[in-house]
Trainee: 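Mind having a look at this structure? Questions to follow.
Within every chain, numbering begins at 1; the chains are lettered A, B, ... in the order of the sequence lines, protein sequences first and strands thereafter.
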Amino acid sequence: MSSSDDEVVLSKRARPAKNSYQESDEEDDTPLADISNGNLKEESGKKRKSSSKNSSKPKKQKVKKEKKEKKEKKEKHKKSKLKTEVKSEASESLQTPESSPIKKKAEKEELKSEKEEDDEDDDKFKWWEDDTYNDTNINGNGEKKWDTLEHNGVIFPPPYEPLPSYVKLYYDGKPVNLPLEAEEVAGFFAAMLDSDHTKNPVFQQNFFKDFLIVLKENGGSNVEITDFNRLDFTKMFDYFVKLREEKKSMSREDKKRIKEERDKFEEPFKTCLLNGRKEQVGNYKVEPPGLFRGRGAHPKTGRLKKRVLPEDITLNLGINVKIPEPPQGHKWGEIRHDNTVAWLAMWRENISDSFKYVKFAATSSIKGLSDFKKFETARNLKYHIDAIRNDYTKLLKDQLMQNRQMATATYLIDIFALRAGGEKGEDEADTVGCCSLRYEHVTLKPPNKVIFDFLGKDSIRFYQEVEVDKQVFKNLRIFKKSPKQPGDDLFDRITPSILNKQFQTYMKGLTAKVFRTYNASKTMQDQLDLIKNEGTVAEKVTKFNAANRTVAILCNHQRTVSKTHSTSIAKIQDRILELKWQKNRLKKIILLINPDEKSKNSKFFKGINELNKTQIKNVHKIVIERMIDQAQKKRLREKEKESLTGTCAFTDEDLKKKLESIKELQQEYAEELASGDPKIPKGASVDKLKNQIENLENRITNTQFQLQDKEDNSEVSLGTSKLNYIDPRLIAVFSKKFEVPIEKLFSKTLREKFNWAIESVDENWRF
DNA sequence: ATTTCGACTTAGGAACCACAGT
DNA sequence: ACTGTGGTTCCTAAGTCGAAAT
């Protein structure tokens, strides 16, 4: 969604401003003295004020420049900490995860597990069957993530390919001669001229600023460029479109050959050697340069994302392994041997000055194990959730403001699956989570209705009108009480880190995000429990998807409705109408053949006139148009064949005849519409017709079902919860118990990622 | 105590691909 | 055989959270 869209949404939003109803607090919601602190929080009210007007945000004006120096200092420290300590750390720590990892099959492994010698290399290593992964510290909870690591570095994007000299950027209609570096940047913009990014003024201006910088740095151009709006990228755009098309229309063989060559080249980068075993690497390609596509109203959207050079890259690998060759004429930025981390390479990115990592693939043992641990932690929450809910319910009335806020926030995180919501900077999109909710994001409707309306992660809107616990309602009212006003934090005495610290007192590893995982998986299990083991596989899959959907809705996983959505819905509706028309028409024919049928089974003929004349007329039109269209297309195809082979199965003459017969049919339909009675086709019999009708009825229900599903799914994204939140063992169990092939529930990559779950789980497993 | 950093998970959209329906 | 279409994979942005730095 473009930023201008966001603005629309924002302005549409209800601005609570002043709540009309009067506060009539009873004991429970008397405002609380802030015992906690002697109000060092006084200034919290000013925090974000900004929004638009009166800002003067003094807040975190930290001097950004000094960063560089710090950085350098730190590198030194890092170096020294390497391997020596690893050994010692390794042996201690390790409390082992709560419920012991999958033990099944452990016996069988006994013989070979000793030292886990042989089974490497055959790239089917099953960490979940390996005892050493249960209670040793290989990628354990301690520091050490690996013993040895060897890889071939990373793939860099191809160098810039200059435009042919006849393709230019224009300014005031004049061709501009650009230095290559600037041409590349202009090309980034031109190439995406058909996306809405390039229509966003923030994107345009950010791009333009960086473009001018690059232009100046590289000697400028023949034309003085000062105004973005006088630039014309269309010639460049057209050229890119042409390139795209050429690529698309390449012959099948050429495409295949190119793909094979590429695969061969990439092969060495796709895998690495982790503890002597071959493992997949995830993103082995360095991100190419381009224009930053921030989501939502990101202040930096459109900025130039610079090309990453080998000199920018830090490689991480084992101490005694071969260091991959850097590209010709280049050197690696740094070589590290840090086995406390799980990345192979890293670089600093210039938009927000943060790191990008080359990591293992989701199928790797390292990722698999940490995924497994994530779910075990979430699963462990079931033993504590009652106590936690009990406590926060009580603490909702606590005298200490901080405790009340903590309890209220926990309630929101637990019940509505909100994210923690850390502070964000001025140079990022304004999005919030629980702890960063502001006055204007929550509207209160007595007695206990709350409307949440804010932009969450990825600027996805969270809008819910809900009823909440009485005391939660009272608390929210207190948190909004004057002098608070729009722009102020609701939860001004807590942060995610305070919350998380509290959570840890209940359970090791418990943080705000664990609630999302727990509630998602718990919901999935409950939903799956409701499904009866009956019907076809397809039906069970549909029900499974419906369960998946409730989870996605819980987590607010959305997707923007596709541009073609409404037309494709309309198409399906048309098809349903057409099927109904056919069905009713056949019924009418039955009655024409044998009027007695009606008294025999009046129910059967009940909806026979469900379509009105306009609808029928419309169906007629669609049917006729489609026939004409098909005939003409057929002729076109044959024409081509004719020009090649000289023979032709469908001549212009044939087409003409065909069109005439369609005309006749059209005429018939018109008469039928007037009289209400169709013509009886030759050879029709009541039995045959009934058969056809049954067929149609099936198709109608199927299509209607399909339509419903599509509608329901149009703005819900099921994938995210399946990938990140639903314990895959739940799905594996469902597959087994309900005899639904796992292929119907997990795509190939998901099956690989969750192989540990699929292979280890037994039918009675519960989350 | 608070802020920043570093490493990792979570997220939606674009690009790509396989396949059903004509 | 062709072509939309929907599902899958790729891409990388945007979160979370513990630890280090101040």
Trainee: What is the nucleic acid contact for A:Glu752, judged by heavy atoms within less than 4.0 Å: base, sugar-phosphate only, or nothing?
Mentor: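 Since no nucleic acid heavy atom lies under 4.0 Å of A:Glu752, the category is nothing.
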Trainee: Can you check the A:Asp371 CG to B:dT10 P distance for me, whole Å?
Mentor: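 Whole-Å distance recorded here is 7 Å.
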Trainee: Please give, in whole Å, the distance from C:dC11 P to A:Lys305 NZ?
Mentor: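 Taking atom P of C:dC11 as the reference, NZ of A:Lys305 is at 11 Å.
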Trainee: In whole angstroms, how far is the C1' atom of B:dC17 from the CD1 atom of A:Ile258?
Mentor: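 From A:Ile258 CD1 to B:dC17 C1': 17 Å.
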Trainee: Apply ring-ring contact (aromatic ring centres under 6.0 Å, His included) to residues A:Phe203 and A:Phe292 and explain how you reach the verdict.
Mentor: CA-CA 9 Å; A:Phe203 190 95; A:Phe292 174 68; 9.0 Å; no
Trainee: Closest-nucleotide mapping onto DNA chain B: is A:Ala342 or A:Arg293 further toward the 5' terminus? I mean the 5' end.
Mentor: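 Per heavy-atom nearest nucleotide, the more 5' residue is A:Ala342.
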Trainee: Between atom CZ in A:Arg626 and atom P in C:dG4, what is the gap in whole Å?
Mentor: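 So the CZ-P distance, A:Arg626 to C:dG4, works out to 16 Å.
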Trainee: What is the distance, rounded to the nearest whole Å, between atom CZ of A:Arg262 and atom P of C:dC10?
Mentor: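 Taking CZ of A:Arg262 and P of C:dC10, I get 11 Å after rounding.
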Trainee: Should A:Thr560 be listed as having a side-chain N or O under 4.0 Å from OP1 or OP2 of B:dG13?
Mentor: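 Indeed, a polar side-chain atom of A:Thr560 lies that close.
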Trainee: Whole angstrom is fine here: how far is it from CG in A:Leu750 over to P in C:dG7?
Mentor: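 Nearest whole value for this atom pair: 15 Å.
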Trainee: For A:Lys359, answer base if it contacts any base atom (sugar-phosphate contacts may also be present), sugar-phosphate if it contacts only those atoms, and nothing otherwise; contact means non-hydrogen atoms under 4.0 Å.
Mentor: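 Since a base atom lies under 4.0 Å of A:Lys359, the category is base.
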Trainee: How is A:Lys248 classified with respect to the nucleic acid when contacts are heavy atoms under 4.0 Å: base, sugar-phosphate, or nothing?
Mentor: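 Answer is nothing: A:Lys248 stays at 4.0 Å or more from every strand.
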Trainee: Where the side chain of A:Asp458 is defined as all heavy atoms beyond and including C-beta, which of C:dT12, B:dG6, C:dA14 is the nearest nucleotide?
Mentor: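 Taking heavy atoms from C-beta onward, the closest nucleotide is C:dA14.
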Trainee: May I ask you to evaluate whether A:Ser747 reaches the phosphate of C:dT9, defined as a side-chain N or O under 4.0 Å from OP1 or OP2?
Mentor: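 Yes.
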Trainee: As a test of reading the structure: which of C:dT8, B:dT9, B:dA11 is closest to the side chain of A:Thr720, going by heavy atoms?
Mentor: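 Per side-chain heavy atoms of A:Thr720, the pick is B:dA11.
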Trainee: Give one of base, sugar-phosphate or nothing for A:Gly433, where a contact means two heavy atoms less than 4.0 Å apart.
Mentor: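 Nothing, no heavy atom under 4.0 Å.
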Trainee: Regarding A:Asp489 and A:Ser436, is there a side-chain donor-to-acceptor distance under 3.5 Å anywhere?
Mentor: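 No, because no side-chain N or O of A:Asp489 sits under 3.5 Å from a partner of the opposite role on A:Ser436.
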Trainee: For A:Lys247, does the NZ atom sit with more than 12 other heavy atoms under 6.0 Å from it, leaving out its own atoms?
Mentor: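 No, NZ of A:Lys247 has 12 or fewer neighbouring heavy atoms, counting only those of other groups under 6.0 Å.
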Trainee: Starting from C1' on C:dA14, measure out to CD on A:Glu349 and report it in whole angstrom.
Mentor: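 Nearest whole value for this atom pair: 11 Å.
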Trainee: Please tell me whether A:Lys508 and A:Thr377 have a donor and an acceptor in their side chains that are separated by less than 3.5 angstrom.
Mentor: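 A:Lys508 vs A:Thr377: no donor-acceptor pair found between side chains.
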Trainee: Using ring centroids (six-membered ring only for Trp), state whether A:Phe355 and A:Trp347 fall under 6.0 Å.
Mentor: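 They do not qualify: ring centres at least 6.0 Å apart.
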Trainee: Considering every strand and a 4.0 Å limit on heavy-atom distances, what is the contact class for A:Arg516: base, sugar-phosphate, or nothing?
Mentor: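 Counting heavy atoms under 4.0 Å across all strands, the contact made by A:Arg516 is with sugar-phosphate only.
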Trainee: Could you tell me whether A:Lys513 contacts a base, only the sugar-phosphate backbone, or nothing, with contacts defined as non-hydrogen atoms closer than 4.0 Å?
Mentor: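 Counting heavy atoms under 4.0 Å across all strands, the contact made by A:Lys513 is with sugar-phosphate only.
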Trainee: Rounded to the Å, how far apart are A:Lys457 NZ and B:dG12 C1'?
Mentor: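 Answer to the nearest Å: 10 Å.
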Trainee: Could you tell me whether A:Tyr725 and A:His557 have their ring centroids closer than 6.0 angstrom?
Mentor: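 Yes, the ring centres sit under 6.0 Å apart.
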Trainee: Give the nucleotide from the list B:dC8, C:dG18, C:dT9 with an atom nearest to the side chain of A:Lys748.
Mentor: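 From the listed options, C:dT9 comes nearest.
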Trainee: Relative to the 5' end of DNA chain B, which residue comes earlier, A:Met346 or A:Thr517, by the nucleotide with the nearest heavy atom?
Mentor: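 Looking at the nearest nucleotide for each, A:Met346 comes out on the 5' side.
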Trainee: Using a 4.0 Å heavy-atom cut-off, does A:Lys255 contact any base of the nucleic acid, only the sugar-phosphate backbone, or nothing at all?
Mentor: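 Here A:Lys255 touches no strand at all.
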Trainee: Scan A:Gly294 against the nucleic acid and name what it touches under 4.0 Å (heavy atoms): base, sugar-phosphate only, or nothing.
Mentor: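 It contacts sugar-phosphate atoms only.
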Trainee: Report the end-to-end axis angle of the helix from B:dA1-C:dT22 to B:dT22-C:dA1; each axis comes from five terminal pairs, and the value is rounded to 10°.
Mentor: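 Inter-axis angle at the termini of the helix from B:dA1-C:dT22 to B:dT22-C:dA1: 10°.
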